[in-house]
Amino acid sequence: MRLHRNLVYTTIDALNAIFNEGEYADKVVARSLKKDKRWGSSDRKFVAETIYEIVRWKRLYAEIAEVKEPFDRDNLWRMFSVWAVLRGYPIPDWRQLEGTPERKIKGRFDELSKVRALKESIPDWMDELGVKELGEKVWATEITAQNQPAKVILRVNTLKTTREALRAILMDLNIETETLKNQPDALVLKERANVFLTDAFKQGFFEVQDANSQLVAAFLDVKPGMRVVDTCAGAGGKTLHIASLMENKGQLIAMDLYESKLKQLKIRAKRDGAFNIEYRIIDSTKIIKKLHEKADRVLIDAPCSGLGVLKRNPDAKWKLKPEFIDNIRKVQSEVLESYSKIVKPGGKLVYATCSILPSENQEQIARFLTTDIGKQFDFIKDQKILASESGFDGFYMALLERKENSEQKEKRVQKEVE
């Protein structure tokens with residue numbers, strides 16, 4: 001087990017882009033992996049995992065290395081040396097790693113690990129917020145779980161194949177998978193692999209989507225032939241799942257504020273063979289008003305803090321700010337009140353976030369139900385999912401049903417019979 005200079009240099013360059021130039025870790029990693037075509041899978045694995053590890057533990061490693069932001073290249077090398085020592089790598093006799101104090105690094109790790117915000121490598125404000133909202137015990141367990149690397153989960157595209165057929169195809173490529181109980185479309189990779197290079201992916205047989213994210217579309221209780229609106233579709237992971245559950249029958253309207261995201265969704269939908277999707281950019285309030293009381297099902301996959309998906313996006317720990325969470329709560333309230341009007345009487349609404357904070361979840365639903373539009377809904381059920389309990393991402397989802405009078409109910413039942 002030894003360090004290779006070109007791989008480490010690439011890692012240092014990547015960390016500089018993420019920490020000092022504000023780039024997103026996933027984009028930087030993707031770019032870094034294309035740097036040298038001669039690299040084998042173990043080389044690419046080293047680069048990707050090392051970048052993510054140092055991003056994940058940035059605060060702890062910086063404290064151990066006694067460096068402060070903004071990090072110059074010497075600082076980044078000192079942080080890298082901390083990672084290498086704690087991971088048990090022999091330190092090579094490179095100029096940048098001269099005088100690495102191995103015993104001191106181990107001693108400071110033991111000492112600093114007594115403080116949770118340092119041990120879990122999170123900002124103090126985030127630690128205080130977690131304790132305030134979830135309580136000491138739950139938060140301590142949850143943030144530890146959020147620091148574990150995310151597993152790769154596939155969602156089988158049932159428009160094109162079956163779970164068993166896809167497993168067999170992947171097995172032929174030496175990619176082993178496991179099934180999940182009560183999740184018929186999910187496959188968990190036993191070991192990380194670049195599944196995007198496979199013909200199975202290019203042919204649209206699967207998407208990469210966290211196991212708990214896959215629960216949201218099913219929670220919406222969609223059926224073929226319905227009119228369904230995904231109000232915050234983004235690049236469309238959940239939209240595509242809804243399309244498959246609808247079996248391409250009915251109308252699925254994907255909406256978003258950003259045209260660029262809907263363009264990504266169009267590309268994915270074409271690959272997946274999902275052709276019952278209409279795309280609408282929310283560029284005015286008219287777009288929403290035209291749909292008032294028109295949809296059987298509405299998904300509000302609301303913008304949120306993302307505190308349920310830190311294992312997948314570790315750089316979010318450093319990009320998030322307390323004021324962003326304050327602002328996003330206001331946005332969540334606004335989209336709930338505005339987009340809920342799209343649900344027709346007797347129709348259903350799911351409000352979902354990838355946050356674990358009650359203030360973004362249960363408290364938002366409780367507040368909504370006291371508003372004029374909220375009083376027209378019945379609360380059916382909700383589900384709070386913690387990473388520490390499930391092993392996957394943290395999520396919240398609430399199912400509401402819009403009330404209907406006897407005449408409306410009679411009409412709906414008659415239509416369903418027809």
Check your understanding: side-chain hydrogen bond (donor to acceptor under 3.5 Å, both in side chains) with Tyr9: which of His4, Gln96, Lys35?
Key -> Gln96

Check your understanding: Are Lys348 and Asp296 within salt-bridge range, i.e. N to O under 4.0 Å?
Key -> no

**Study point:** Contacts of type side-chain contact (heavy atoms from CB on, under 4.5 Å), residue Gln264, not counting sequence neighbours
**Key:** Ala235

Practice item. Please list all pairs passing the ring-ring contact (aromatic ring centres under 6.0 Å, His included) test where one or both residues lie in residues 333-378, with sequence neighbours left out. Key: Phe368-Phe377

Point to revise | Ring-face cation of Lys34 near Trp39 (centre distance under 6.0 Å, axis angle within 45°) | key: no

Review point. Roughly how far, to the nearest 0.5 Å, is the CD1 atom of Ile253 from the CG atom of Leu291?
Key: 5.0 Å

Review point. Is a side-chain donor-acceptor pair under 3.5 Å present for Asn212 with Ser390?
Key: yes

**Study point:** All ring-ring contact (aromatic ring centres under 6.0 Å, His included) counterparts of Phe80, not counting sequence neighbours
**Key:** Trp83

Review point. Of all residues at least two apart in sequence or in a different chain, which pass the ring-ring contact (aromatic ring centres under 6.0 Å, His included) check with Phe206?
Key: Phe201

Exercise for review: Would you give the length of the straight line joining atom CG of Leu399 to atom CD1 of Ile380, rounded to the nearest 0.5 angstrom?
Suggested key: 5.5 Å

Exercise for review: Begin from the C-alpha positions of Gln214 and Arg155 and carry the test side-chain hydrogen bond (donor to acceptor under 3.5 Å, both in side chains) through to its verdict.
Suggested key: CA-CA 7 Å; Gln214 292 185 38; Arg155 179 183 59 76; 5.4 Å; no

**Study point:** salt bridge (Lys or Arg N to Asp or Glu O under 4.0 Å) partners of residues 356-375, not counting sequence neighbours, each pair once
**Key:** Glu337-Arg367

Practice item. Would you list the pairs meeting salt bridge (Lys or Arg N to Asp or Glu O under 4.0 Å) in which at least one residue belongs to residues 184-208, sequence neighbours left out? Key: Glu176-Lys190, Glu207-Arg268, Glu207-Arg271

Revision key, fill the gap. Sorted by chain and number, sequence neighbours left out, ring-ring contact (aromatic ring centres under 6.0 Å, His included) with Phe71 holds for Phe19

Point to revise | Ion pair Arg329/Glu133, N-O distance below 4.0 Å | key: yes

Check your understanding: Should the pair Lys58-Glu69 be classified as a salt bridge under the 4.0 Å nitrogen-to-oxygen rule?
Key -> yes

Review point. Does the pair Arg31/Asp26 count as a salt bridge with the N-to-O cut at 4.0 Å?
Key: no

**Study point:** Donor-acceptor pair between Asp382 and Gln362 side chains, under 3.5 angstrom
**Key:** no

Exercise for review: Could you tell me whether Asp221 and Arg297 have a side-chain N and a carboxylate O separated by less than 4.0 Å?
Suggested key: yes

Check your understanding: In this structure, are over 12 heavy atoms from other groups packed under 6.0 Å from Tyr279 atom OH?
Key -> yes

Review point. Around Lys151, counting heavy atoms of other residues, nucleotides and ligands shown, do more than 12 lie under 6.0 Å from its NZ?
Key: no

Point to revise | Steps toward salt bridge (charged side-chain N to carboxylate O under 4.0 Å, His left out) verdict (Arg402, Glu404) | key: CA-CA 7 Å; Arg402 193 162 189 178; Glu404 56 186 347; over 6 Å; no

Review point. OH of Tyr258: more than 12 outside heavy atoms within 6.0 angstrom?
Key: no

Practice item. Check salt bridge (charged side-chain N to carboxylate O under 4.0 Å, His left out) between Asp315 and all other residues, then give those that pass, not counting sequence neighbours. Key: Lys319

Exercise for review: Ignoring hydrogens and angles, tell me if any N or O in the side chain of Ser244 forms a donor-acceptor pair with the backbone of His241 under 3.5 Å.
Suggested key: yes

Check your understanding: Would Glu278 and Arg280 pass as an ion pair if we require N to O under 4.0 Å?
Key -> yes

**Study point:** Test side-chain contact (heavy atoms from CB on, under 4.5 Å) applied to Glu164 - qualifying residues, sequence neighbours left out
**Key:** Thr162

Review point. Side-chain donor-acceptor pair under 3.5 Å between Asn147 and Lys119, yes or no?
Key: no

Study note, to complete from the structure: Here the salt bridge (Lys or Arg N to Asp or Glu O under 4.0 Å) pairs for residues 237-251, sequence neighbours left out, are Lys238-Asp301, Glu247-Lys249

Exercise for review: Using only heavy-atom distances, determine whether the side chains of Ser213 and Asp393 contain a donor-acceptor pair under 3.5 Å.
Suggested key: no

Check your understanding: Going through the distances and angles, do Ser359 and Gln364 end up as a side-chain hydrogen bond (donor to acceptor under 3.5 Å, both in side chains)?
Key -> CA-CA 6 Å; Ser359 63; Gln364 286 287 11; over 6 Å; no

Practice item. Kindly indicate, with the supporting measurements, whether the criterion side chain to side chain contact (heavy atoms under 4.5 Å, CB included) is fulfilled by Ile175 and Thr198. Key: CA-CA 10 Å; Ile175 299 174; Thr198 63; 4.1 Å; yes

Check your understanding: Counting only heavy atoms not in Lys403, do more than 12 fall under 6.0 Å of its NZ?
Key -> yes

Practice item. Check the pair Asp127, Trp139 against side-chain hydrogen bond (donor to acceptor under 3.5 Å, both in side chains), reporting the backbone distance first and the verdict last. Key: CA-CA 8 Å; Asp127 192 45; Trp139 171 247; 2.8 Å; yes

Check your understanding: If only atom types and distance count, is the side chain of Lys294 paired as donor or acceptor with the main-chain N or O of Lys290 below 3.5 Å?
Key -> yes

Check your understanding: More than 12 heavy atoms of other residues, nucleotides or ligands under 6.0 Å from CZ of Arg87: is that the case?
Key -> yes

Exercise for review: Could you go through the side chain to side chain contact (heavy atoms under 4.5 Å, CB included) check for Thr231 and Leu299 one step at a time?
Suggested key: CA-CA 6 Å; Thr231 59; Leu299 172 61; 5.9 Å; no

Exercise for review: Output all residues satisfying ring-ring contact (aromatic ring centres under 6.0 Å, His included) with Tyr24, sequence neighbours left out; order by chain, then residue number.
Suggested key: none

Practice item. Nearest 0.5 Å please: distance from the CZ atom of Arg78 over to the CG atom of Asp72. Key: 9.5 Å

Practice item. Would you indicate whether Glu21, at its atom CD, is surrounded by more than 12 heavy atoms from other residues, nucleotides or ligands within a distance under 6.0 Å? Key: yes

Review point. Do Thr179 and Val188 pass the side chain to side chain contact (heavy atoms under 4.5 Å, CB included) test, and can you show the C-alpha distance, the side-chain angles, and the key distance before you say yes or no?
Key: CA-CA 6 Å; Thr179 58; Val188 184; over 6 Å; no

Exercise for review: List for me each residue that meets side-chain contact (heavy atoms from CB on, under 4.5 Å) alongside Ala48, sequence neighbours excluded, and say none if there are none.
Suggested key: Val29, Leu33

Point to revise | Between CG on residue Leu310 and CD on residue Glu142, distance to nearest 0.5 Å | key: 9.0 Å

**Study point:** Arg116 and Glu136: CA distance, side-chain angles, deciding distance, salt bridge (charged side-chain N to carboxylate O under 4.0 Å, His left out) verdict
**Key:** CA-CA 11 Å; Arg116 184 177 54 229; Glu136 187 81 32; 2.5 Å; yes

Review point. Can you list the steps and then say if Tyr396 with Ile356 is a side chain to side chain contact (heavy atoms under 4.5 Å, CB included)?
Key: CA-CA 7 Å; Tyr396 175 80; Ile356 51 174; over 6 Å; no

Exercise for review: First locate atom CG of Leu245, then atom CE of Met226, and finally report the distance between them rounded to the nearest 0.5 Å.
Suggested key: 11.5 Å

**Study point:** Ser121 versus Arg56, side-chain donor and acceptor atoms under 3.5 Å
**Key:** no

